[in-house]
Amino acid sequence: MGVPGGGCSVVWFRRDLRVEDNPALAAGMRAGAVVAVFVWAPEEEGHYFPGRVSRWWLKHSLSHLDGSLRSLGTPLLTKRSTDSVSSLLEVIKLTGAAQLFFNHLYDPISLVRDHRVKEVLTAEGVSVRSFNADLLYEPWEMLDQEGQPFTTFSGFWDRCLSMPYDPEAPLLPPKRIFPGDVSRCNPDTLVFEDESEKGSNALLARAWSPGWSNADKALTTFLNGPLIEYSKNRRKADSATTSFLSPHLHFGEVSVRKVFHLVRIKQVLWANEGNKAGEESVNLFLKSIGLREYSRYISFNHPYSHERPLLGHLKYFPWVVDEGYFKAWRQGRTGYPLVDAGMRELWATGWLHDRIRVVVSSFFVKVLQLPWRWGMKYFWDTLLDADLESDALGWQYISGTLPDGREFDRLDNPQDALKEKIEGYKFDPNGEYVRRWLPELARLPTEWIHHPWNAPESVLQAAGIELGSNYPLPIVEIDSAKARLEEALTQMWQLEGASQTAIENGMEEGLGDSSESIPIAFPPDTNMEMDTEPIRNNPPHATIRRYEDQMVPSMTSSFIRVEDEETSVDLRSSGDDNRAEVPSNVNTAEEPRREPHGHTIFQTDRTNDAFPQFNFARVRRNSEDSTAESSSTTRRERDGGVVPVWSPSNSTYSDQYRGEDNGIGTSSSYLARRPQAHQLFN
DNA sequence: GCTACATTCTA
DNA sequence: AGAATGTAG
């Protein structure tokens, strides 16, 4: 029902690269002619410039979208920019548009940027409206009985599933779009990969097909196939039984509401058939969708959750700042087969099964005790479905820095693999996964495949393995990791207590936000250097620790900064910036397997410092400040354009950091056991 | 049917 | 670690 000649509006595409169930696009069409725009301004992301594979995906997704839009009547106008706001303004001026529509994003940078978009454009007389296209429910709709945000996933998710109103039903794709006049706009050609990356990226197309209609196909395939056995198969590290939707979801190629809706239909169907396993599968799958929702929720309520633990005491954990460990982990040379296989797969394919993500990340945090943000950043750089909010949630969960995450002092990883029943044998009982990604261990019998260090010399010899040269000995022994972890925890509590005391004694700023502790730098460049010398076992050097508070760059309210303000540990081995070579010693040739993907927990994020403070109380509905149609809104005002209000004056990053650490209150038994450790903030 | 022990899962 | 669920006897 678009009216040519009516107003022209700009629809700003971001991570909502689809034409179906796209509220901003639908609103633009309702308003008349549409100018569809995508602005590529990666500098605004600061540290989180998208990684190679992620950019590869984006490139294809955009061209797919452009094709769809063209066939509907209008092209996708692309702009290269370092400042989204001014680019939008320019497009609006050149097209004579009177309105701007876009869909919400919830990462910290977008929250600030989008708020500014509204401010600036509204001041210019442009009517701006934004919509929910990414979530079942907006974060500000989800509050507990007391009207407070939830602090645990289960509380949150239970509520999502029992809301008095359903998530909006998906919108149908448009039949035709009336094009706005873009003749005065100069589209920019966007460059997403450099020459050196093309080769590595070529492999990706074999396994993945970006683009909204492909996302839709993936969804259908999953619904009609693997979903029903999702529960049963979820442990298998190697099988293609996940939905493979995560990258599609990250870029908004498919609407979660549609996913939710269709999955529920299946659920009802199976419930009627009494298919218990099917129902269970649906619940599990939905839960993973819920985690994604929750990651946005957390990000919205705690915009610094990608860089600071939600549980404040972790600030005092003495992380091991060891480049050697970090590198060994990246290269898949830790000496723990399952971990190494995972890291090789990640590098080679940009994807990992969720279970393996858990294995490699908890190894990273608990055994290596490296700062979790480093791991998160590496995931950001290498994962096809890298997603700031999800990855932050995943790493915080693993790190034990969430009220309902795994407890920090629990070390439950590969070692147990030793005692059978361990991760290794649990996720990869026959060692197939390890053999695929660690060809050097391929000939080792299953009995030893997950713990070659225990294998008799004769067996190793027969398998052609020489530990320490062929394949590394464990970089850290589990036992020493355990001891080290305990020591570190003791230290952490001591420091915590000391700072607590300092505060009580009036030394307000007793804690060392930036004072006494040296912030841990952002991870050094994380390039794969497969050809370097074999990792030595048990590095001789003493362990260096730094107290957390991995401060990262800051984003001023005005925007993105790009410089680092963290003291860099400076260990770079910069010259070798060979981002992505697929490790040559990996069995990539294998069967044309599909790389999986799943919903995962993980993803990454960025940093900032002057942190925006979102004030729930101030949230208001857009209907008040913008266009018509507010009145026509139905009950939940679907597109209601509710927008978070950011009030810079409210508080600054450091204020809140000091004051209350922002985190989520502590409530876990973990903390209960350490009474001296804080009480909730709030 | 019930207790005692074992296994599984936890966002 | 602790809850929950499952199994053997």
Side-chain angles (χ1 to χ4, degrees), chain A residues 135-136 139 142 144 149-161 230-237 242 246 276-277 279-281 283-302 305-306 309-311 314 352-362 365-366 372 375-376 379 387-413 415-417 419-427 429 482 485-486 489 598-605 663-674:
Chain A
L135 297 175
L136 265 14
M142 306 300 300
D144 65 18
F150 291 96
T151 55
T152 62
F153 171 70
S154 60
F156 167 83
W157 189 230
D158 287 348
R159 179 73 180 140
C160 280
L161 294 175
Y230 188 77
S231 165
K232 195 176 109 203
N233 293 327
R234 90 200 111 113
R235 280 187 211 85
K236 306 227 59 193
T242 61
S246 60
K276 196 85 192 308
E279 261 194 282
E280 174 61 9
S281 288
N283 288 335
L284 270 165
F285 176 71
L286 250 25
K287 191 166 112 181
S288 67
I289 293 292
L291 286 163
R292 175 182 177 283
E293 297 270 312
Y294 191 55
S295 72
R296 270 74 180 150
Y297 186 75
I298 291 287
S299 176
F300 179 80
N301 287 303
H302 307 278
S305 63
H306 56 293
L310 256 31
L311 251 27
L314 259 294
L352 276 187
H353 184 109
D354 184 57
R355 291 296 156 153
I356 302 300
R357 298 186 195 203
V358 169
V359 169
V360 303
S361 61
S362 60
V365 175
K366 304 285 176 77
W372 62 272
M376 194 176 78
F379 270 24
D387 178 288
L388 201 54
E389 299 96 300
S390 295
D391 288 347
L393 178 64
W395 281 91
Q396 293 233 20
Y397 166 67
I398 293 302
S399 303
T401 60
L402 292 172
D404 51 355
R406 319 195 141 183
E407 289 163 356
F408 194 88
D409 52 2
R410 209 169 98 215
L411 181 81
D412 51 0
N413 227 2
Q415 140 86 121
D416 294 327
K419 305 167 185 160
E420 304 272 1
K421 309 246 170 187
I422 8 24
E423 313 264 26
Y425 291 99
K426 190 156 137 203
F427 300 139
K482 234 173 217 160
L485 185 63
E486 265 162 42
L489 285 165
H599 342 278
T600 57
I601 294 196
F602 289 100
Q603 304 183 0
T604 325
D605 55 334
I664 287 183
T666 62
S667 60
S668 68
S669 53
Y670 172 49
L671 291 169
R673 278 182 271 130
R674 341 289 298 211

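This is a predicted model, so every value here is computed, not measured. The chains referred to below are lettered A, B, ... by the order of the sequence lines, with proteins before strands, and numbering in each begins at 1.
The interatomic distance linking A:Glu280 (CD) with B:dT10 (P) rounds to 9 Å, in whole Å. Atoms CZ (A:Arg355) and C1' (B:dC9) sit 9 Å apart, rounded to a whole Å. Distance A:Tyr397 OH to B:dC9 C1': 9 Å, rounded to the nearest Å. At whole-Å resolution of the value, NZ in A:Lys232 and P in B:dT8 are 17 Å apart. If you measure from atom CG of A:Leu284 to atom P of B:dC9, you get 10 Å, rounded to the nearest angstrom. We find that CG of A:Asp354 is positioned 14 Å from P of B:dC9, with the value rounded to whole Å. Here the P atom of nucleotide C:dA1 and the CG atom of A:Leu489 are 14 Å apart, to the nearest Å. For the pair A:Lys366 NZ and C:dA1 C1', the computed distance is 12 Å after rounding to whole Å.
Remark: A:Asp144 engages A:Glu146, A:Gln148, A:Phe150 in a side chain to side chain contact (heavy atoms under 4.5 Å, CB included) (not counting sequence neighbours). Residues satisfying the side chain to side chain contact (heavy atoms under 4.5 Å, CB included) criterion with A:Leu284, sequence neighbours excluded, are A:Tyr230, A:Ser231, A:Arg234, A:Glu280.
Side-chain contact between A:Phe153 and A:Leu291 is present, with heavy atoms from C-beta onward closer than 4.5 Å. In this structure the side chain of A:Lys366 never reaches within 4.5 angstrom of the side chain of A:Ser399, judged on heavy atoms.
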